[in-house]
Amino acid sequence: LLILITFTVFIPGCKKTPGVQEQLNQAFQDNKSVIIVVSDNNTPAGKILAVAKKVGKEKNWVRIIEMNADATENAALVKRHNLTHAPKPLLLFMTSNGIPLNVLVESDVSDKAVATAIPTPKFNEIINLLSGHKPAFAIVSNKNTKDKEQAVTACKEAVEALNNEAGIV
């Protein structure tokens with residue numbers, strides 16, 4: 001007769017590692033763009049994870065999250081983002097409110113490709129407005145633009161005409 005006794009040991013100071021969904025929720029709460037590094041049990045993501053972390057270090061508005069698509073706790077995310085039959089490993093880029101925008105498969109991953117695929121804070125603002133079914137006025141200029149104030153004024157007037165149901169970025 002074999003009796004197996006199991007017990008849980010509580011160690012003060014040790015925390016459970018948050019799951020992918022919890023990490024995503026925290027990133028969105030912190031208003032961060034997200035790169036999900038998706039792998040599975042057969043294809044490690046070492047190379048693309050290294051590139052994502054390297055590029056992500058340079059951009060303080062980005063959160064890097066690793067996800068094993070074969071893990072049962074990630075099944076809902078895999079289904080929601082149609083990753084079941086996607087080639088792995090891959091990078092999935094999301095806005096700060098959870099809208100998937102870009103995907104890079106391993107063969108397309110480079111520092112430059114990752115850097116240009118990450119949604120910027122201003123781009124996130126535009127996408128957030130549009131996903132809320134609100135018009136977005138984006139003012140794009142450089143420091144030599146002379147009529148920027150006119151553009152800002154025109155946009156403010158347009159927002160007022162839309163009963164403040166629009167945004168200016």
**Prompt:** Atom CG of Asn128 and atom CG of Asn31: how far apart are they, to the nearest 0.5 Å?
**Reply:** 7.0 Å
**ILVMFWY network linking Leu104 to Ile36, side-chain heavy atoms under 4.5 angstrom** = no
**Asked** Any donor and acceptor pair, going by atom type alone, linking the side chain of Ser39 with main-chain N or O of Ala45 inside 3.5 Å?
**Response** no
**Contact summary for Ala86 and Asn82, nearest pair of heavy atoms** = CB-O, 4.4 Å
**Prompt:** Which heavy atom in Ala52 sits nearest to a heavy atom in Ile64, and how many Å separate them?
**Reply:** O-CD1, 3.5 Å
**Request:** Mark yes or no for whether Asn74, through its side chain, and Asn68, through its backbone, hold a donor-acceptor pair below 3.5 Å.
**Result:** yes
**Message:** Give me the atom names and distance for the closest heavy-atom approach of Ile48 to Pro89.
**Reply:** CD1-CB, 3.4 Å
**Message:** Using side chain to side chain contact (heavy atoms under 4.5 Å, CB included), reason through Val55 and Ile35 one step at a time and then give a plain yes or no.
**Reply:** CA-CA 11 Å; Val55 175; Ile35 302 173; 5.9 Å; no
**Message:** Give me the atom names and distance for the closest heavy-atom approach of Ala166 to Phe137.
**Reply:** CB-CE1, 3.9 Å
**Item:** Audit row: Ile118, Phe93, side chain to side chain contact (heavy atoms under 4.5 Å, CB included) steps and yes/no
**Value:** CA-CA 6 Å; Ile118 299 170; Phe93 298 83; 3.8 Å; yes
**Prompt:** Where do Asp40 and Thr43 come nearest, in terms of heavy atoms and distance?
**Reply:** OD1-OG1, 2.6 Å
**Asked** Between Asp70 (side chain) and Asn41 (backbone), is there a donor-acceptor pair under 3.5 Å?
**Response** yes
**Neighbour count >12 (heavy atoms, 6.0 Å) for atom CZ, Phe123** = no
**Asked** Given the rule that I, L, V, M, F, W and Y join up when any side-chain heavy atoms are under 4.5 Å apart, are Val37 and Leu83 in one cluster?
**Response** no
**Request:** Determine yes or no for a side-chain-to-main-chain donor-acceptor pair under 3.5 angstrom, with Asn163 supplying the side chain and Glu165 the backbone.
**Result:** no
**Message:** Working to the nearest 0.5 angstrom, can you tell me the gap between Thr95 OG1 and Asn102 CG?
**Reply:** 10.5 Å
**Item:** Interatomic distance, Ile65 atom CD1 to Lys32 atom NZ [nearest 0.5 angstrom]
**Value:** 12.0 Å
**Side-chain donor-acceptor contact under 3.5 Å, Asn25 with Gln21** = yes
**Message:** Same cluster or not: Val34 versus Ile99, using hydrophobic residues (I, L, V, M, F, W, Y) connected whenever any side-chain heavy atoms lie under 4.5 Å apart?
**Reply:** no
**Item:** Close side-chain approach of Val109 and Val114, heavy atoms under 4.5 Å
**Value:** yes
**Prompt:** So with a 6.0 Å cut-off around NZ of Lys156, is the heavy-atom count from everything else above 12?
**Reply:** no
**Item:** Common cluster, Leu91/Met67, ILVMFWY with side-chain heavy-atom separation under 4.5 Å
**Value:** no
**Prompt:** Can you check whether Asn97 reaches Ser131 side chain to side chain, under 4.5 Å on heavy atoms?
**Reply:** yes
**Message:** My understanding is that only residues two or more places apart in sequence, or in another chain, count here; which of them pass salt bridge (Lys or Arg N to Asp or Glu O under 4.0 Å) with Lys59?
**Reply:** none
**Asked** Once you round to the nearest 0.5 Å, how far does CE of Met94 lie from NE2 of His81?
**Response** 3.5 Å
**Message:** Under the salt bridge (Lys or Arg N to Asp or Glu O under 4.0 Å) definition, can you give me all pairs with a residue in residues 98-119, not counting sequence neighbours?
**Reply:** Lys54-Asp111
**Check: Glu22 side chain, Gly19 main-chain N or O, donor-acceptor pair, under 3.5 Å** = yes
**Complete:** Here the salt bridge (Lys or Arg N to Asp or Glu O under 4.0 Å) pairs for residues 118-139, sequence neighbours left out, are Lys122-Glu125
**Prompt:** How long is the gap from CZ on Arg63 to OG on Ser96, to the nearest 0.5 Å?
**Reply:** 11.5 Å
**Complete:** Output for pair (Glu157 CD, Glu160 CD), nearest 0.5 Å, gives 7.5 Å
**Request:** Check whether Ile126 and Trp61 end up in the same hydrophobic cluster, where Ile, Leu, Val, Met, Phe, Trp and Tyr are linked by side-chain heavy atoms less than 4.5 Å apart.
**Result:** no
